[in-house]
Peer 1: 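One structure is given below, represented as structure tokens, and several questions about it will come after.
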Amino acid sequence: MRKILVAGNWKMHGSRAETASLVEGLTAALGDAPVSEVAVCPPFVYLVDAAAALEGSEIRLGAQDLAVEPSGAYTGEIAGTMLRDVGCHFVIVGHSERRSLYGETDGVVAAKYRAAQRDGLVPILCVGETLEEREREVTEAVIERQLRAVLDSAAIASFERAVVAYEPVWAIGTGRTASPEQAQEVHGFIRGILAADDDTIADSVRILYGGSVKPSNAGDLFSMPDVDGGLVGGASLDAGGFAEICRAGG
Ligand code: 13P
């Protein structure tokens, strides 16, 4: 049985004080034993504060991006080893905002995925189609291309230490959530691609849904057979609401 994972992607929001009160509110709202696995991904500069505030809690820490290189003259970049050093367990790779706003290609995303595992982090690999791609009915081709780039570069065994997130671009920050059936269809497709390489690994990998997840729709989404949790943006910035989403996975 795959344990539901709910991860909060705080993107470039908040301040030091807001991060502190969000972590405090979340640990208080969830109590000692959250029903699902929970992770928060604050901006880089607040990771150290968040790690300290999360000490003793079961909530895991994640980062939103990492460098491909392990160290060196790469001004402005943050290495995976540094993220491990400050207590990160997860790192998001291939978020659609990185792909579309910062030009990350499938090749770059695959390299970041491998870098994450090399540096001891669990990548949360994001895939998803744009509205235009969905309307052209090429959703499956897009997802397969994005996934194949990683499979060709890192092999199926790597998915024993990875999480996949299906984030349809048209549902991110728009309030327009994929229906549970739409999510299930793509999640089943993703699992099928992985299963063609290894049934057992495909069955154990968690596939999260992301895109306008909120307390009112989380339960229905998480009840689908191949939806193993959520990657939550906007709604994870409210401790009470995010805790409710986490409980929807119990
Ligand atoms: P929203 O939940 O704000 O739609 O964002 C989803 C997302 O991009 C999480 O990574």
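Start at 1 and go down the list; that is how both ligands and their atoms are numbered. Quick caveat: nothing in here was measured; it's all calculated off a predicted structure.
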Peer 1: Between the side chains of H95 and Q64, does any donor sit under 3.5 Å from an acceptor?
Peer 2: no
Peer 1: For ligand 1, does C126 get within less than 4.0 Å through its side chain, its backbone, both, or neither, judged by non-hydrogen atoms?
Peer 2: neither
Peer 1: I'd like to know whether CD of E185 has more than 12 heavy-atom contacts from other residues, nucleotides or ligands below 6.0 angstrom.
Peer 2: no
Peer 1: Just let me know how L231 lines up against ligand 1, side chain, backbone, both or neither, with a heavy-atom cut-off below 4.0 Å.
Peer 2: both
Peer 1: Is it true that E133 and T130 share a donor-acceptor pair across their side chains at a distance under 3.5 Å?
Peer 2: yes
Peer 1: Are more than 12 heavy atoms, taken from residues, nucleotides or ligands other than E77, located less than 6.0 Å from that residue's CD atom?
Peer 2: yes
Peer 1: Is there a heavy atom of G211 sitting under 4.0 angstrom from any atom of ligand 1?
Peer 2: yes
Peer 1: Note the single closest protein heavy atom to atom 7 (C) of ligand 1, along with its residue, its atom name and the distance in Å.
Peer 2: E167 OE2, 3.2 Å
Peer 1: What are the atoms of ligand 1, with element, lying closer than 4.0 Å to any heavy atom of G173?
Peer 2: 1 (P), 3 (O), 4 (O)
Peer 1: Report yes or no: do S15 and Y46 form a side-chain donor-acceptor pair below 3.5 Å?
Peer 2: no
Peer 1: Is G233 in polar range of ligand 1, meaning some N or O pair under 3.5 Å apart?
Peer 2: yes
Peer 1: Can you find an N or O of G234 that's nearer than 3.5 Å to an N or O of ligand 1?
Peer 2: yes
Peer 1: May I ask you to decide if the ring planes of Y166 and H187 are parallel, tilted or perpendicular, using 30° and 60° as cut-offs?
Peer 2: perpendicular
Peer 1: Is there any N or O on A235 that sits under 3.5 Å from an N or O of ligand 1?
Peer 2: no
Peer 1: Establish, yes or no, whether a centroid distance under 6.0 Å links the rings of Y113 and F159.
Peer 2: yes
Peer 1: Only counting residues at least two apart or in another chain, list the ones meeting salt bridge (charged side-chain N to carboxylate O under 4.0 Å, His left out) with E132.
Peer 2: R136
Peer 1: Say whether S212, considering both its backbone and side-chain N or O atoms, lies within less than 3.5 Å of an N or O atom on ligand 1.
Peer 2: yes
Peer 1: Against heavy atoms of A171, which atoms of ligand 1 measure under 4.0 Å?
Peer 2: 4 (O)
Peer 1: Would G175 count as a contact residue for ligand 1, given that I'm defining contact as a non-hydrogen atom of the residue lying under 4.0 Å from a ligand atom?
Peer 2: no
Peer 1: Between the side chains of D106 and R99, is the shortest nitrogen-to-carboxylate-oxygen separation below 4.0 Å, so that they form an ion pair?
Peer 2: yes
Peer 1: Under 4.0 Å from a heavy atom of H95: give me the atoms of ligand 1 that qualify, with their elements.
Peer 2: 7 (C), 8 (O), 9 (C), 10 (O)
Peer 1: Under 4.0 Å, counting heavy atoms only: does K11 come that close to any atom of ligand 1?
Peer 2: yes
